[in-house]
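Please read these numbers as outputs of a predicted model, since none were measured by experiment.
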Amino acid sequence: ESGYKTVSFTTLCDSYDIPYTYDFETEARFECWTPITGVTRGNSSSNAHNSTYYLRFAGTTSNLVALPQFNEATNNLRVEFWTRPESNTNYSCGTFSVGYMTDINDASTFVEVANYAYNDWSSNDYVKKTVDFTSAPANANIAFRHNAGSTSWYWFADDVTVREIPSCLAPTDLAANASTNSAELSWTANSDETAWTVYYKKTTDETYTEVANVTTNPYTLNGLDAATNYEFYVVANCSADDASEASDVFTFPTACEVID
């Protein structure tokens, strides 16, 4: 009489198309991530950005995970994700690095592209981060690493999107130098654009005022009210049919009027 034995096996992961989005709610998709040390799929609505599941970093002082491979060269990719430390006041939460690995079987091949510290957060709320990988090798894996001060403090990430880097990049590093009734607005251009659209409003207003075809950086905004909080953002115009996404919003106060 012959016998038989059942053997379980898992097929290899395929490369993912871009854009790729993962919210950790589906367990099967996590099988194509590569937890190297101290990374698990957490289950707690209080720790997730949305819903229930999230990426949890804990257990060692260097917690590392590699993302799947994608059907696009890594140096053409951008990762957007939401993240936060367990505590923004405890140094043991350490830092969180975004980078790439040239060999997911060798943690020493991790190369850092961006780094965030626990006290960069003003609260324990999630913050969206965006990182471009223009300097990465074409076949590298995007990776996240948590460098903890102890093994008992966590870091969380959730709602990860990987997509191509836009051809027209949004301005960054917004700043404002305000007087009573005007403000000199500035930003860093990240493409070869020479024109921008500026949107501004009082923080208490609902709608922005648009200033189109701005060709100077810095740009002076006039006609503001004294002792008032304003906010602005900028869109780069790289060509007639290629505009960037909106920059982050920057908030600033105007000065008080001098009382004689």
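- The shortest non-hydrogen separation linking Ser186 to Phe232 is O-CZ, 4.1 Å.
- A cation-pi arrangement is absent between Arg84 and Phe156 under the rule of less than 6.0 angstrom and at most 45 degrees off the ring axis.
- Side chains of Glu231 and Thr203: no donor on one and acceptor on the other come within 3.5 Å.
- Across Trp121 and Asn88, no two heavy atoms sit closer than the pair O-ND2, 3.1 Å.
- Ile104 contributes atom CD1, which lies 10.5 Å from atom CG of Leu67 (distance to the nearest 0.5 angstrom).
- The distance from atom CG of Asn47 to atom CG of Asn43, rounded to the nearest 0.5 Å, is 10.0 Å.
- Shortest non-hydrogen contact noted between Asn213 and Ala195 is OD1-CB, 4.0 Å.
- Aromatic pair Phe70/Tyr20: ring centres closer than 6.0 Å.
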- Task: Determine, stepwise, if the pair Leu64 / Thr37 fulfils side chain to side chain contact (heavy atoms under 4.5 Å, CB included).
- Result: CA-CA 5 Å; Leu64 180 62; Thr37 51; 3.9 Å; yes

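- Listed for the Ser247 side chain is a donor-acceptor partner under 3.5 Å among the backbone atoms of Val234.
- Asn75 places none of its side-chain heavy atoms less than 4.5 Å from the side chain of Pro137.
- Under a hydrophobic clustering in which Ile, Leu, Val, Met, Phe, Trp and Tyr are joined whenever their side-chain heavy atoms come within less than 4.5 Å, directly or via other members, Leu55 and Val127 fall into the same cluster.
- Judged by distance alone, the side chains of Asp242 and Ser167 do bring a donor and an acceptor atom under 3.5 Å apart.
- Using a cutoff of 4.0 Å between basic side-chain nitrogens and carboxylate oxygens, Arg78 and Glu245 are scored as salt-bridged.
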- Task: Step by step, work out the ring-ring contact (aromatic ring centres under 6.0 Å, His included) result for Tyr22 and Phe24.
- Result: CA-CA 6 Å; Tyr22 185 35; Phe24 301 96; 4.5 Å; yes

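- Contact annotation: the side chain of Asp23 never approaches that of Asn50 to less than 4.5 Å [non-hydrogen atoms, C-beta and beyond].
- A cation-pi arrangement is not found for Arg41 relative to Phe30, the charged atom failing to lie both closer than 6.0 Å to the ring centre and inside a 45° cone about the ring normal.
- Nearest heavy-atom pair across Asn190 and Ala170 is ND2-O, 2.9 Å.
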- Message: For a side chain to side chain contact (heavy atoms under 4.5 Å, CB included) check, start with the C-alpha distance between Phe133 and Val98, then their side-chain angles and the critical distance, and finish with the verdict.
- Response: CA-CA 10 Å; Phe133 291 88; Val98 182; 3.7 Å; yes

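- Heavy-atom contacts from other residues, nucleotides or ligands closer than 6.0 Å to CD of Glu210 number more than 12.
- In this structure, a donor-acceptor pair under 3.5 Å is absent between the side chains of Asp132 and Thr134.
- Panel note: side chain Asp158, backbone His49; a donor-acceptor pair is recorded below 3.5 Å.
- In this structure, Val198 is a member of the same hydrophobic cluster as Leu174, with clusters built from ILVMFWY side-chain heavy atoms closer than 4.5 Å.
- No side-chain N or O of Thr172 forms a donor-acceptor pair with one of Trp187 less than 3.5 Å apart.
- Within the 4.5 Å cutoff, the side chain of Tyr200 has heavy atoms near those of the Val211 side chain.
- Electrostatic pairing of Lys202 and Asp225 counts as a salt bridge here, judged by a charged N lying under 4.0 Å from a carboxylate O.
- Heavy-atom neighbours of Asp192 CG from other residues, nucleotides or ligands within 6.0 Å: at or below the threshold of 12.
- Contact detail for Asn217 and Leu185: the closest heavy-atom pair is OD1-O, 4.3 Å.
- A donor atom on one side chain and an acceptor atom on the other are found under 3.5 Å apart for Thr197 and Asn237.
- The distance from atom CD of Glu72 to atom OG of Ser15, rounded to the nearest 0.5 Å, is 11.5 Å.
- Residues Trp153 and Asn90 form a side-chain contact, since some pair of their non-hydrogen atoms from C-beta on lies under 4.5 Å apart.
- A donor-acceptor pair under 3.5 Å is absent between the side-chain atoms of Ser152 and the main chain of Ser150, judged by distance alone.
- Residues Ile142 and Val162 are in side-chain contact: their nearest non-hydrogen atoms beyond the backbone lie under 4.5 Å apart.
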- Query: Is there a side chain to side chain contact (heavy atoms under 4.5 Å, CB included) between Val131 and Val79 once you walk through the steps?
  - Reply: CA-CA 5 Å; Val131 179; Val79 63; 3.9 Å; yes

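- Hydrophobic clustering places Val113 together with Tyr116 (ILVMFWY residues linked when any side-chain heavy atoms are closer than 4.5 Å, directly or through intermediates).
- Side-chain contact check for Trp196 versus Pro171: some heavy-atom pair is nearer than 4.5 Å.
- Looking only at distances, no side-chain donor or acceptor of Glu31 sits under 3.5 Å from a matching main-chain atom of Arg29.
- Distance alone, capped at 3.5 Å, is enough to place a donor-acceptor pair between the Thr109 side chain and the Asp106 backbone.
- Ser92 places no side-chain N or O within 3.5 Å of a backbone atom of Gly149 that could act as its donor or acceptor partner.
- Summarising the local packing, CG of Asp248 is surrounded by 12 or fewer heavy atoms from other residues, nucleotides or ligands at distances under 6.0 Å.
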- Item | Stepwise side chain to side chain contact (heavy atoms under 4.5 Å, CB included) test for Tyr154 and Ser87 | CA-CA 8 Å; Tyr154 303 158; Ser87 169; over 6 Å; no

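- When Thr83, Asn63, Thr60 are each tested for a side-chain hydrogen bond (donor to acceptor under 3.5 Å, both in side chains) with His146, only one passes: Asn63.
- Between Tyr233 and Tyr208, the ring center distance clears the sub-6.0 Å criterion.
- Contact annotation: the side chain of Leu77 approaches that of Ile18 to within less than 4.5 Å [non-hydrogen atoms, C-beta and beyond].
- The residue from Phe96, Tyr118, Phe57 that alone fulfils the ring pair (Phe, Tyr, Trp, His ring centres under 6.0 Å) condition with Trp155 is Phe96.
- Less than 6.0 angstrom separates the ring centroid of Phe81 from the ring centroid of Phe144.
- Taking hydrophobic clusters as Ile, Leu, Val, Met, Phe, Trp and Tyr residues chained together by side-chain heavy-atom distances below 4.5 Å, Trp33 shares a cluster with Val39.
- Atom CG in Asp103 sits 10.5 Å away from atom CG in Asn139 (nearest 0.5 Å).
- Listed for the Ser191 side chain is no donor-acceptor partner under 3.5 Å among the backbone atoms of Glu193.
- No side-chain N or O of Glu86 forms a donor-acceptor pair with one of Asn124 less than 3.5 Å apart.
- Within the 3.5 Å criterion, the main-chain N or O of Ala140 finds a donor-acceptor partner in the side chain of Thr74.
- Between the Gln69 side chain and the Asp14 main chain, no donor and acceptor come within less than 3.5 Å of each other.
- A single hydrophobic cluster is not seen to contain both Val160 and Trp82; linkage of ILVMFWY side chains at heavy-atom distances under 4.5 Å, directly or through other members, places them apart.
- Nearest heavy-atom pair across Phe252 and Ala183 is CE1-CB, 3.6 Å.
- Contact annotation: the side chain of Cys13 never approaches that of Pro68 to less than 4.5 Å [non-hydrogen atoms, C-beta and beyond].
- We find that Lys129 and Glu80 are not joined by a salt bridge, their nearest charged nitrogen and carboxylate oxygen being 4.0 Å or further apart.
- A donor and an acceptor atom, one from each side chain of Glu112 and Ser97, are located under 3.5 Å apart.
- Judged purely by atom type and a 3.5 angstrom limit, Ser123 uses its side chain to pair as donor or acceptor with the backbone of Asp125.
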